[in-house]
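Take a look at the structure below.
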Protein chains: 2
Amino acid sequence: MKRKITLKQIAKELDVSISTVSKSLRNSLEIGEETRLKVQAFAKFYHYKPNNIALSLKNRKTKTIGIIIPEIVHHFFSTVINGIEQVANENGYSVIICLSDDSFDKEVLNMEMLANGSIDGFIMSLSKETQFRGDFHHITEVINQGMPVVMFDRVTNDILCDKVIIDDKYAAYEAVQSLIDKGRKKIALVTTVDYVSVGKLRTDGYTKALLDNGIPFNEDLIIKIEDIDTCEITIGKLLEDKAIDAVFAVNELFAVTIIKTANKIGLNVPNDLAVIAFTDGIISKYSTPTITTVSQSGIKMGNKAAKMLIERLESEEDEEDENYKTEVIETHLIERESTN
Amino acid sequence: MKRKITLKQIAKELDVSISTVSKSLRNSLEIGEETRLKVQAFAKFYHYKPNNIALSLKNRKTKTIGIIIPEIVHHFFSTVINGIEQVANENGYSVIICLSDDSFDKEVLNMEMLANGSIDGFIMSLSKETQFRGDFHHITEVINQGMPVVMFDRVTNDILCDKVIIDDKYAAYEAVQSLIDKGRKKIALVTTVDYVSVGKLRTDGYTKALLDNGIPFNEDLIIKIEDIDTCEITIGKLLEDKAIDAVFAVNELFAVTIIKTANKIGLNVPNDLAVIAFTDGIISKYSTPTITTVSQSGIKMGNKAAKMLIERLESEEDEEDENYKTEVIETHLIERESTN
DNA sequence: CTGAAAGCGCTTACAG
DNA sequence: CTGAAAGCGCTTACAG
């Protein structure tokens with residue numbers, strides 16, 4: 001049990017000053033070659049590695065990125081983390097991840113905790129509750145302290161900062177248009193409650209596609225699901241009562257539930273009912289039938305978000321040019337068996 | 001853009017010493033009430049929060065746990081993280097997550113990086129490559145430095161430390177036994193390559209169940225899949241040539257592929273072919289038919305691992321009693337449509 | 001009751 | 001060429 005070795009110990013052992021050791025290890029030409037090599041050899045032998053915490057304190061930067069997401073057991077979010085991790089590591093950053101569990105309080109707590117010196121900047125996606133409340137003071141505060149924030153996916157217009165999103169409205173439009181192109185006339189929308197920003201935008205896209213094609217908009221064909229566990233009944237009713245021939249679901253969990261319900265009441269997917277889902281995840285790929293989806297590349301989102309954050313962190317701190325950008329990641333339709 | 005306020009600034013502003021401020025904020029009775037309240041009010045007004053990094057340096061502990069896992073886009077691992085996060089947060093710890101991508105080098109790099117002061121202890125699951133090489137020097141080193149390590153799921157006997165696992169062999173045994181109980185006679189095993197510790201154990205359980213029931217063990221019925229993308233052909237052959245009536249798959253991805261392949265060649269699951277998978281994830285729940293699985297609770301594993309680590313961290317450092325424990329998390333069979 | 005000093009582990013401008 | 005000093009932000013034993 002040898003504790004990690006420090007500069008001080010090396011200095012003592014070699015009978016030189018701490019400064020000399022430090023400089024030798026950083027290969028400063030200030031130090032005579034003989035001493036330098038001696039110190040380096042000794043340090044190498046004892047596996048000396050500078051203490052990150054001490055460096056952070058000294059440099060006033062930690063080289064770590066804080067990530068706050070609602071939920072990790074979610075293919076999309078894991079994917080984004082992967083993307084962030086990639087470019088973070090390439091640039092010598094590590095990441096520290098906190099989960100808000102879609103709770104406002106946890107989001108605030110986590111941000112405060114990380115903001116106290118543990119990280120250099122945030123990458124985050126808002127919790128449902130935060131979006132519902134519209135209370136973003138914790139984020140403003142962090143930004144005011146000079147800590148950059150990049151938001152992705154679930155963002156808000158109320159905060160000025162870098163963002164990376166997909167064009168939810170347009171992507172939804174395209175998806176619905178593809179259904180119309182295939183001759184579907186009565187298209188339902190299964191979505192989330194309105195305060196989730198992306199849910200709202202996808203609804204807009206859905207509506208616009210219908211209207212642009214002269215299809216009457218029918219409120220009854222929109223179902224807003226609050227809780228996935230109780231949705232089957234609502235969905236069953238929709239399918240039985242409304243004689244629809246297609247559904248656009250705002251995520252793949254809804255989509256797979258729709259398919260299963262349809263099967264139960266004797267509807268064939270895709271013949272009787274076409275199904276498209278937002279978010280290309282693992283379920284869509286392995287469901288039977290496989291599900292046509294709008295793919296939003298989490299990896300790309302993560303890459304981009306990390307790039308934006310690191311760029312800001314390393315840009316000479318000329319804090320004045322706060323020209324925040326919003327990057328839009330491209331989506332595309334992945335055609336599978338649930339449409340034809 | 002007001003940078004975060006420090007003790008020093010408060011001291012200056014209030015014209016007292018830094019010590020006085022520090023003590024006041026920690027509510028030390030050493031300080032006169034008047035001063036104490038004045039300082040506290042001021043600090044509150046400016047949202048003073050102590051700098052974590054400084055505290056870490058001072059206390060020589062960071063109150064953060066390092067997690068190293070092979071892959072985050074994996075329901076089981078995300079689930080474990082969730083479990084770790086829960087009890088970590090309850091105990092005032094945060095977590096920092098690094099991914100090894102199943103690569104030995106990344107695992108080593110990440111561990112070295114975190115070991116340099118950033119965290120107090122590790123919770124980890126070995127990368128495939130590490131298991132393949134059998135090289136664990138990076139872990140030994142960390143432990144020798146006095147940093148506790150808890151391993152979960154993919155562990156090794158070559159390292160002495162706390163571990164939390166499931167009884168892979170027994171769970172596999174049970175699963176196969178349940179197939180036998182349902183009258184299945186010719187049961188195949190679809191597994192991973194042998195160096196993945198859990199793969200090996202599950203194979204052992206499978207074999208034992210067969211032998212215990214007087215069913216001849218047939219090497220040809222065991223398929224080892226290296227790469228999920230090319231497995232369909234191998235699986236197809238198994239199903240067509242071997243006339244099996246049940247399959248035990250070592251994970252749900254294999255299981256769902258088996259089911260899809262079976263469907264293609266006209267086999268009905270579960271009538272012609274029963275399927276059981278290890279690891280209860282999201283696919284099993286939403287596949288058609290839904291898949292009977294051995295559930296290993298990632299949440300519980302994470303909870304337990306975090307508890308063990310924190311306990312060790314906070315146990316008075318009486319480092320001598322290194323009585324390492326291995327906790328076994330219970331599994332159970334979740335019966336669904338793929339068996340009957 | 002208040003403050004100066006030492007220290008956590010490091011770096012770097014400044015003396016010598 | 002080497003080292004003492006100051007400092008990052010904090011805490012705490014010790015003086016006064």
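Source: prediction; values computed, not measured. Chain identifiers are assigned alphabetically (A, B, ...) following the order of the sequence lines, protein sequences preceding nucleic acid strands; residue numbering begins at 1 within each chain.
For A:S19, whose side chain is taken as the heavy atoms from C-beta onward, the closest listed nucleotide among D:dG3, C:dG3, C:dT11 is D:dG3. Of the candidates C:dT11, C:dG3, C:dC8, the closest approach to any side-chain atom of A:L7 belongs to C:dT11. Side-chain atoms of B:L57 lie closest to C:dC8 of the nucleotides C:dC8, D:dT2, D:dC10. Set against C:dT11, D:dT11, D:dT2, the side chain of A:T20 has D:dT2 as its closest nucleotide. Distance from the side chain of A:S17 is smallest to D:dG3 among D:dC10, D:dG3, C:dG3. The side chain of A:T35 lies closest to D:dT2, out of D:dT12, D:dT2, C:dC10.
Protein atom NZ of B:K23 is 11 Å distant from nucleotide atom P of C:dA4, rounded to whole Å. Note: CG (B:N27) to C1' (D:dT12) measures 16 Å, nearest angstrom. The distance between atom CD of B:E34 and atom P of C:dT2, rounded to the nearest whole Å, is 8 Å. Between the CD atom of B:E33 and the P atom of C:dC1 there is a distance of 10 Å, rounded to whole Å. The distance between atom CD of A:Q9 and atom P of C:dC8, rounded to the nearest whole Å, is 10 Å. Atom C1' of nucleotide C:dC10 and atom CD1 of B:I53 are separated by 13 Å, given to the nearest angstrom. As a whole-Å value, the separation of B:N51 CG from D:dC8 P is 12 Å. Rounded to whole Å, the distance from CZ on B:R26 to P on D:dC10 is 11 Å.
Each of B:H138, B:H137, B:Q131 was scored for a side chain to side chain donor-acceptor pair (under 3.5 Å) with B:D135, with one residue passing: B:H137.
Within the 4.0 angstrom heavy-atom criterion, base atoms lie near B:I31. In this structure, A:S28 reaches neither bases nor backbone, as no heavy-atom distance under 4.0 Å exists between it and the strands shown. At the heavy-atom level, B:I18 lies under 4.0 Å from base atoms of the strands shown. Contact annotation for B:S22: base contact, defined as any heavy-atom pair under 4.0 Å involving a base atom.
The base of C:dG7 lies outside donor-acceptor range of the side chain of A:K8, with no N or O pair under 3.5 Å. Applying the 3.5 Å distance criterion, the base of C:dG9 shares no donor-acceptor pair with the side chain of A:K4. At a cut-off of 3.5 angstrom, the base of C:dG9 holds no donor-acceptor pair with the side chain of A:K58.
When only modelled atom types and interatomic distance are considered, A:N52 and B:S118 share a side-chain donor-acceptor pair under 3.5 Å. With 3.5 Å as the limit, one finds a donor-acceptor pair spanning the side chains of A:N82 and B:E71. Side-chain contact annotation: B:D120 with B:T62, donor-acceptor N/O pair under 3.5 Å present. Using modelled atom types, one finds a donor on one side chain and an acceptor on the other under 3.5 Å when comparing B:S17 with B:T20.
The residue among B:N59 and B:E30 whose nearest nucleotide of DNA chain D lies closer to the 5′ end is B:N59.
Remark: side-chain polar atoms of A:E107 are paired, donor with acceptor, to backbone N or O of A:S127 under 3.5 angstrom. No donor-acceptor pair under 3.5 Å is formed between the side chain of A:K304 and the backbone N or O of A:G83.
Contact between the side-chain N/O atoms of B:R36 and the OP1/OP2 oxygens of C:dT2 is not found at any separation under 4.0 Å. At the phosphate of C:dG7, neither OP1 nor OP2 sits under 4.0 Å from any side-chain N or O atom of B:R60. When the side-chain nitrogen and oxygen atoms of B:Y48 are compared with OP1 and OP2 of D:dC10, one or more of them lie within a distance under 4.0 Å.
Separation of atoms CZ (A:F152) and CG (A:L126) is listed at 9.5 Å; rounding is to 0.5 Å.
Annotation: C:dA6 and D:dA4 have their P atoms spaced 15 Å apart (nearest Å).
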Applying the Watson-Crick and G-U criteria (both distances under 3.5 angstrom) with [ ] for crossing and | for other-strand pairs, one obtains for DNA chain D |||.||||||||.|||
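In this pair, A:F77 and A:H74 present their aromatic rings perpendicular. The plane angle is above 60°, beyond the 30 to 60° band.
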